[in-house]
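Structure, as structure tokens:
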Amino acid sequence: MDLFSLKMRASQNKGRQSTHISGAEKIVRSNEIYQETTSLLRRALTRPLGEADFINIKLERTADDEIIYLNALPVQTVEVTHVEEGLQEAQKRLEQLGALTNERILDLLLQAPAMRGAMILDIDTLTRLEPDQTRGVRATYMDKVKQCSSINYLDKNHFEEALVLATKVAHAPNIIGEICISDDPDYVTGYVASKKFGYVRITKLKHFGSHLGGRIFLYKQTEGTLQDTIRYLQEQKVLVQFEQSPKPNKWAKIDESLEQLKNLNLYRTTKEIHSAADPHVLYNKQQVAMMASNNYLNFANDERVKAYALSVGQTFGIGSGGSRLTTGTTTVHNTLEQKLAVFKGTEDALVFNSGYVANVGIISALCSKDDVIFSDELNHASIIDGCKMSQAQIVVYKHNDMQDLEEKVRQHAGCRGLIVSDAVFSMDGDIVHLPELLRIANQYELFSMIDEAHSTGVLGQTGRGICEHFGLTQKPDILMGTLSKALGGEGGFVCGEKRLIEFLKNKARSFIFSTSLSPVTMASSIAALTLLMEEESKQVQKLQQNIRYFNACLARHGIHTRSETAIFPIIIGDEKKAMHISETLLEQGYYISAIRYPTVAKGSARLRIALMADHTQQQLDDVASSIGQLVKEI
Ligand code: WAQ
Ligand code: MG
């Protein structure tokens with residue numbers, strides 16, 4: 001690939017006077033020209049001294065065989081506490097180079113008027129050899145070999161640029177060494193460099209705020225002429241290979257991150273349960289009351305559901321063998337979708353592999369970068385991720401605050417978009433103000449989407465969810481839900497108009513590119529839905545009875561949490577305390593999760609109790625009493 005030499009010089013015009021304020025040079029590949037030029041321009045325009053009035057960019061094509069590659073001089077840093085000490089250190093190095101009258105060299109450097117280039121000083125006679133003594137000799141056409149494609153958009157990197165220059169200069173014919181002090185008033189580190197001892201940084205070679213500075217190339221005639229030296233400095237193209245930084249440790253970030261999570265009490269582990277998802281489970285060789293599961297109606301281990309699922313497994317097998325659009329749609333899959341549409345009272349339905357996968361797939365298919373999505377601040381992570389993936393503009397409104405929502409919608413009137421909310425908020429257990437949300441969506445011609453993960457099977461007389469709860473005939477455009485909570489199985493779904501479902505089948509990537517769920521899983525959801533619809537809305541009644549009863553229990557034990565849903569958040573605040581209470585409850589025989597950041601806001605850690613239809617009133621009484629006790633103790 002072609003190489004180009006790229007040079008930038010920037011100056012300011014004060015009256016007739018033009019002062020140099022910034023300069024840099026690079027050797028770049030042709031495909032890097034735009035970025036590198038931008039970076040140099042940015043540098044020229046953001047100098048601490050002020051903006052440039054004049055910027056000169058020069059670009060010259062160069063051939064690879066014109067370039068010599070040099071290894072960077074080895075670097076050593078000498079820490080000094082004050083300038084005098086620094087100058088002594090510099091003198092020591094100059095002596096090593098055989099410059100006997102070294103003090104005069106430093107004087108020369110610190111007393112010379114500012115120059116664009118460097119002096120060339122004969123170390124035996126201490127005469128200056130450079131032809132133009134007001135300008136000096138500039139070393140140019142040099143850069144470092146890039147190690148990765150990173151471009152330095154930051155300000156000048158003094159050290160790197162100086163090391164490149166020093167490496168080139170140290171290899172010049174007749175040059176035995178160099179001393180440099182920056183003329184930047186805020187840069188006091190300078191160096192002495194030579195092939196003999198490498199690049200020695202000295203941390204203080206001048207006082208902070210001083211405009212003094214310059215470079216001296218130390219000359220000793222050994223090969224060729226002064227002309228050869230100057231030609232090399234001014235014309236030879238040099239790329240400097242920096243020593244590879246010590247091998248990066250690819251695991252470091254992961255190790256640190258785990259360590260940090262532990263320190264913040266945010267480290268998570270899985271807990272192994274040795275039995276089915278029932279109101280009681282076997283955990284750590286102990287029977288404990290399960291009060292954290294979303295198996296609200298106890299269908300997950302229901303004998304009738306299992307029997308049906310197993311019989312379908314006998315016929316249709318375990319794996320589905322393909323994605324839905326290839327070979328993964330069986331009669332079982334279609335039956336479940338028809339049943340879901342009937343259950344939710346919509347034209348059609350579509351099953352996804354999980355609720356998460358459904359939300360991500362639906363939202364990213366429906367919305368793109370020209371859309372606006374209005375999203376409740378407490379929406380589930382899967383909704384948030386779907387919004388992000390869509391690349392739409394995301395407008396977050398205050399939790400369940402329809403006034404805030406309408407204000408924000410009004411600010412975007414005329415935009416195409418979507419309002420999306422959980423029906424029941426997963427960590428707070430409260431219910432969306434759906435009638436109002438739908439009015440706003442209709443008025444502004446926005447799509448409405450509701451996630452019924454925690455309302456299906458929980459809300460409404462017959463467990464049909466949020467619309468039944470509010471007695472609404474009009475439905476959200478997109479009614480999403482899961483099969484894995486009240487229905488006890490696995491998967492996510494969406495219900496809506498036929499054209500919506502057709503669209504999602506064609507556009508929702510998480511639907512298209514997943515192997516479809518097992519027929520066994522599909523069958524379990526069919527069985528659970530059948531029970532729910534035909535005979536067992538009595539499970540819903542039992543659950544709702546428990547919800548009412550538990551509200552009374554909590555009140556009796558001095559806990560303020562109230563809920564109309566199966567989710568009861570008991571806010572503790574501190575992450576560590578929440579973890580502690582959760583662990584103590586487990587010892588007492590109650591399995592209740594502590595929910596922490598990032599699932600909920602930092603400092604709002606909580607116990608999240610989830611009720612089931614088959615919890616007994618005795619259990620509910622006992623656990624409320626235990627929690628009341630523990631909360632009082634902290
Ligand atoms: N060729 C010859 N001389 C130059 C060149 C060049 N390309 N560029 C600058 N000079 C001379 C000129 O007289 C300046 O006034 C003087 O050097 C200082 O230049 O390891 O920033 O660009 O951290 O101010 C040393 C870094 C920083 C030490 C050097 O030099 C470290 C620096 P500046
Ligand atoms: Mg400078």
Side-chain angles (χ1 to χ4, degrees), residues 5-11 19-27 43-44 47-49 58 72-80 83 86 89-90 93 105-106 108-121 128-144 155-172 175 177-194 197-206 208-219 229-238 240 242:
S5 151
L6 169 62
K7 292 186 180 177
M8 179 277 285
R9 269 179 63 189
S11 57
T19 28
H20 170 86
I21 55 167
S22 181
E25 62 171 90
K26 308 243 159 208
I27 295 173
R43 187 198 282 198
R47 299 304 295 164
L49 300 167
K58 183 164 133 191
L73 296 175
V75 178
Q76 176 198 339
T77 304
V78 179
E79 292 278 349
V80 294
V83 177
E89 286 289 339
R93 309 301 137 136
I105 296 179
L106 282 172
L108 206 57
L109 187 61
L110 294 169
Q111 283 158 19
M115 297 203 299
R116 289 270 298 122
M119 299 175 204
I120 300 182
L121 194 70
R128 288 174 64 175
L129 303 176
E130 75 277 12
D132 180 344
Q133 299 209 343
T134 53
R135 183 179 179 275
V137 170
R138 283 189 65 81
T140 75
Y141 293 113
M142 62 210 159
D143 197 358
K144 68 178 245 187
D155 213 344
K156 172 167 174 165
N157 183 338
H158 286 83
F159 165 62
E160 251 181 35
E161 289 185 9
L163 182 54
V164 168
L165 185 147
T167 302
K168 176 174 180 183
V169 170
H171 289 80
I175 298 294
E178 179 198 354
I179 177 158
C180 168
I181 301 176
S182 173
D183 55 18
D184 293 1
D186 53 357
Y187 204 84
V188 298
T189 301
Y191 67 86
V192 184
S194 76
F197 50 66
Y199 181 97
V200 180
R201 313 179 74 188
I202 301 172
T203 56
K204 285 188 189 68
L205 274 185
K206 70 170 189 178
F208 192 84
S210 158
H211 286 270
L212 290 174
R215 276 192 162 93
I216 297 178
F217 301 156
L218 300 166
Y219 186 92
T229 305
I230 294 177
R231 198 177 308 120
Y232 170 92
L233 291 171
Q234 292 185 339
E235 290 167 28
Q236 177 61 54
K237 286 159 188 136
V238 169
V240 175
F242 276 42

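From a predicted model like this one, the values you see are computed outputs, not experimental measurements. Note that ligands are numbered from 1 as they come in the structure, with each ligand's atoms numbered from 1 the same way. In this chain, numbering begins with 1 at the start of the sequence shown. Hydrogens, waters and symmetry mates are skipped; everything else that's a heavy atom, side chains included, is used.
Distances shorter than 4.0 angstrom do not occur between any heavy atom of Glu25 and any atom of ligand 1. A heavy-atom separation below 4.0 Å is found between Cys180 and ligand 1. Distances from ligand 1 to the non-hydrogen atoms of Ile181 include at least one value under 4.0 Å. The closest approach between a heavy atom of Val75 and any atom of ligand 1 is not below 4.0 Å. Proximity of Leu165 to ligand 1 is established by a heavy-atom distance of less than 4.0 Å. At least one heavy atom of Gly214 sits under 4.0 Å from some atom of ligand 1.
Atoms of ligand 1 lying under 4.0 Å from at least one heavy atom of Tyr199, given by number and element, are 20 (O), 26 (C), 28 (C), 31 (C). Residue-ligand proximity, Met115 to ligand 1, at heavy-atom distances under 4.0 Å covers atoms 12 (C), 13 (O), 14 (C), 15 (O). Set against the non-hydrogen atoms of Ala139, the atoms of ligand 1 under 4.0 Å away are 1 (N), 2 (C), 6 (C), 7 (N). The contact set between ligand 1 and Ala118, taken as ligand atoms under 4.0 Å from a residue heavy atom, comprises 2 (C), 3 (N). Of all atoms in ligand 1, listed by their number and element, those nearer than 4.0 Å to a heavy atom of Ala162 are 25 (C), 26 (C). Near Arg201, the atoms of ligand 1 lying under 4.0 angstrom from a non-hydrogen atom of the residue are 20 (O), 23 (O), 31 (C). Close approach of ligand 1 to Val137 (heavy-atom distance below 4.0 Å) involves ligand atoms 1 (N), 2 (C), 3 (N). The contact set between ligand 1 and His158, taken as ligand atoms under 4.0 Å from a residue heavy atom, comprises 21 (O).
By the 6.0 Å contact criterion, CZ on Arg93 is enclosed, its count of non-hydrogen atoms from other residues, nucleotides or ligands being greater than 12.
Between the side chain of Glu178 and the main chain of Ala193, no donor-acceptor pair closer than 3.5 Å is present. Remark: side-chain polar atoms of Asp184 are not paired, donor with acceptor, to backbone N or O of Tyr187 under 3.5 angstrom. Using modelled atom types, one side-chain atom of Arg138 and one backbone atom of Arg116 make a donor-acceptor pair closer than 3.5 Å.
The shortest N/O to N/O separation between Thr189 and ligand 1 does not fall below 3.5 Å. Any N or O atom pair closer than 3.5 Å counts here, and Tyr191 shares no such pair with ligand 1.
A cation-pi arrangement is found for Lys7 relative to Tyr141, the charged atom lying closer than 6.0 Å to the ring centre and inside a 45° cone about the ring normal.
Among Ala24, Gly213, Ser182, the residue whose heavy atom lies closest to atom 27 (C) of ligand 1 is Ser182. The residue from Gly117, Gly136, Gly23, Ala166 that puts a heavy atom closest to atom 13 (O) of ligand 1 is Gly117. Between Arg135, Arg215, Gln234, Met119, it is Arg215 that holds the heavy atom closest to atom 17 (O) of ligand 1.
Between Phe159 and Tyr199, the ring planes are perpendicular. Angles over 60° get that label, and only those under 30° would be called parallel.
Within the 4.0 Å heavy-atom criterion, the part of Arg116 lying near ligand 1 is the backbone and not the side chain.
Between Tyr219 and Arg128, the side chains place no donor N or O within less than 3.5 Å of an acceptor N or O (distance only, hydrogens not considered).
Rounded to the nearest 0.5 angstrom, Lys168 NZ and Met142 CE are separated by 6.0 Å.
Nearest heavy atoms, Val137 versus Glu130: CG2-CB, 3.5 Å.
The side chain to side chain donor-acceptor pair (under 3.5 Å) search around Arg231 returns Asp228, not counting sequence neighbours. When the salt bridge (charged side-chain N to carboxylate O under 4.0 Å, His left out) test is applied to Lys144, the partners found at least two apart in sequence or on another chain are Glu160.
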Run the numbers on Met8 and Ser22 for side-chain contact (heavy atoms from CB on, under 4.5 Å), then give the verdict.
CA-CA 8 Å; Met8 179 277 285; Ser22 181; 3.6 Å; yes
